Participant: 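The structure follows.
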Amino acid sequence: MTDVPERMPLNRDFFARPVIEVAPELLGRTLVRHTPDGPIELRLTEVEAYDGENDPGSHAYRGRTARNATMFGPPGHAYVYFIYGMWFSLNAVCAPEGQASGVLLRAGKIIRGAELAAARRPKARSANELAKGPARLATALDIDRSLDGVDLCRGGDAPLTLLQGDPPDPALVRHGPRTGVGGDGAHHPWRYWIADDPTVSPYRRHVPRRRATSAT
DNA sequence: CTCTCGATCCTCT
DNA sequence: GAGGATCGAGAGC
């Protein structure tokens, strides 16, 4: 039977709400990735909210561009971007169409297809590190820009789907400042994670890059 | 066209 | 805890 509630995809209405409401409720959900070699599944343990054009930390802060166009589209779709010249990160688009907000899926526990994930992450020292961090998660699940815009609500054999999964006890949900976000966006406590979970990535403060001419 | 710097990871200390 | 890797988006001229 595939009608078990936890195996049902999340509805589009779930995503069509303010991102700050959606983000903590994504914890414990199951992300399913269908690769040519087989399925990989992950239980989300850490996410971050990015509140569109009002949020200095968001890619949408300076308006719509070719790169971030998916964020302005309908909710419940994947926004995948390339960063630091090496890695990809996966977001779930939220809020009604036209509002460019999203939730960065930062980390999770691989619950199926661990061999496939480990093959893609040969440098991971333990199972907990397979998807401990946004770029690690994307690497482990074979996610790249070809998946930008895919529907996360379709289910079935779709390349990427978010199922209802197994949300944690609300008392175990923690929140704090976002990782690697500086400037005016730094103080928002929009990073959410499951308390004491070994697959949650370590917090790192934003480090401004040194300027060529500044000396002290 | 040129320049800056980023929603990070890995290695070594 | 610090620094290098690596390339594309976006802004400025």
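From a predicted model like this one, the values you see are computed outputs, not experimental measurements. Note on naming: letters A, B, ... go to the chains in the order of the sequence lines (proteins, then strands), and numbering restarts at 1 for each one.
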Participant: For Arg121(A), which contact category applies under a 4.0 Å heavy-atom criterion: base, sugar-phosphate, or nothing?
Facilitator: sugar-phosphate

Participant: What contact category does Arg178(A) fall into here, base, sugar-phosphate, or nothing, at under 4.0 angstrom with non-hydrogen atoms?
Facilitator: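 Counting heavy atoms under 4.0 Å across all strands, no contact is made by Arg178(A).
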
Participant: For the C1' atoms, the ones on dG3(C) and on dC5(B), what distance do you get once it is rounded to whole angstrom?
Facilitator: 16 Å

Participant: How many Å lie between CD1 on Ile83(A) and P on dA7(B), as a whole number?
Facilitator: 5 Å

Participant: What is the distance, to the nearest angstrom, from the OH atom on Tyr81(A) to the C1' atom on dC5(B)?
Facilitator: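 Roughly 14 Å, once rounded to whole Å.
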
Participant: Rounding to a whole Å, what distance do you find between Leu105(A):CG and dT8(B):P?
Facilitator: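 Distance check: Leu105(A) CG to dT8(B) P gives 14 Å.
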
Participant: Report the base-pairing partner of dG3(C) (Watson-Crick or G-U wobble, both distances below 3.5 angstrom), or none.
Facilitator: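 Across all strands, the one nucleotide that pairs with dG3(C) is dC10(B).
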
Participant: Closest approach to the side chain of Arg62(A), judged atom by atom: which nucleotide of dA11(C), dT11(B), dG6(B) is it?
Facilitator: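 The answer is dA11(C).
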
Participant: Centroid distance below 5.5 Å plus an interplanar angle below 30 degrees: do Tyr50(A) and dA7(B) meet both conditions?
Facilitator: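 Per 5.5 Å and 30° rule: yes, stacked.
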
Participant: Please indicate whether His34(A) has more than 12 foreign heavy atoms, meaning atoms of other residues, nucleotides or ligands, lying under 6.0 Å from its NE2.
Facilitator: yes

Participant: Does Arg205(A) make a side-chain N or O approach to OP1 or OP2 of dG1(C) shorter than 4.0 Å?
Facilitator: no

Participant: Using a strict cut-off of less than 4.0 Å between a Lys/Arg side-chain nitrogen and an Asp/Glu carboxylate oxygen, indicate whether Arg174(A) and Asp196(A) qualify as a salt bridge.
Facilitator: no

Participant: Under 4.0 Å between a side-chain N/O of His59(A) and OP1 or OP2 of dA9(C), yes or no?
Facilitator: no

Participant: Could you tell me the separation between the OH atom of Tyr79(A) and the P atom of dA7(B), rounded to a whole number of Å?
Facilitator: 9 Å

Participant: Could you check which of dG10(C), dA7(B), dA5(C) has an atom nearest any side-chain atom of Asn68(A)?
Facilitator: dG10(C)

Participant: Quick one: label Thr139(A) by what it contacts on the DNA or RNA (base, sugar-phosphate, nothing), any heavy atom closer than 4.0 Å.
Facilitator: nothing

Participant: So Gly57(A), base contact, sugar-phosphate only, or nothing? Heavy-atom distance under 4.0 Å.
Facilitator: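 Base, at least one base heavy atom under 4.0 Å.
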
Participant: Would you call Glu21(A) and Arg17(A) a salt bridge, using N to O less than 4.0 angstrom?
Facilitator: yes

Participant: Check the distance between dA9(C)'s C1' and Met71(A)'s CE and give it to me in whole angstrom.
Facilitator: 15 Å

Participant: Over 60° means perpendicular and under 30° means parallel, so tell me whether Phe88(A) and Phe82(A) are parallel, tilted or perpendicular.
Facilitator: tilted

Participant: Find the distance Arg204(A):CZ to dA2(C):P and express it as a whole number of Å.
Facilitator: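 After rounding, the reported distance stands at 12 Å.
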
Participant: Do the side chains of Lys132(A) and Glu46(A) get close enough for a salt bridge, i.e. N-O under 4.0 angstrom?
Facilitator: no

Participant: Indicate whether OP1 or OP2 belonging to dA7(B) is found under 4.0 Å from a side-chain N or O atom of Thr179(A).
Facilitator: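 For dA7(B), neither OP1 nor OP2 has a side-chain N or O of Thr179(A) closer than 4.0 Å.
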
Participant: Are any of Arg136(A)'s side-chain N or O atoms less than 4.0 Å away from OP1 or OP2 of dC10(B)?
Facilitator: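 The answer is yes; a side-chain N or O of Arg136(A) sits under 4.0 Å from OP1 or OP2.
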
Participant: Which one, dA7(B), dA5(C), dA9(C), comes nearest to the side chain of Thr65(A)?
Facilitator: dA9(C)

Participant: Can you tell which of Arg29(A), Arg112(A), Lys109(A) makes a salt bridge (charged side-chain N to carboxylate O under 4.0 Å, His left out) with Glu41(A)?
Facilitator: Arg112(A)

Participant: Tell me the interatomic distance from Phe88(A), atom CZ, to dC7(C), atom C1', rounded to whole angstroms.
Facilitator: 11 Å

Participant: Rounding to an integer number of Å, can you tell me how far Phe82(A) CZ sits from dA9(C) C1'?
Facilitator: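 From Phe82(A) CZ to dA9(C) C1': 11 Å.
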
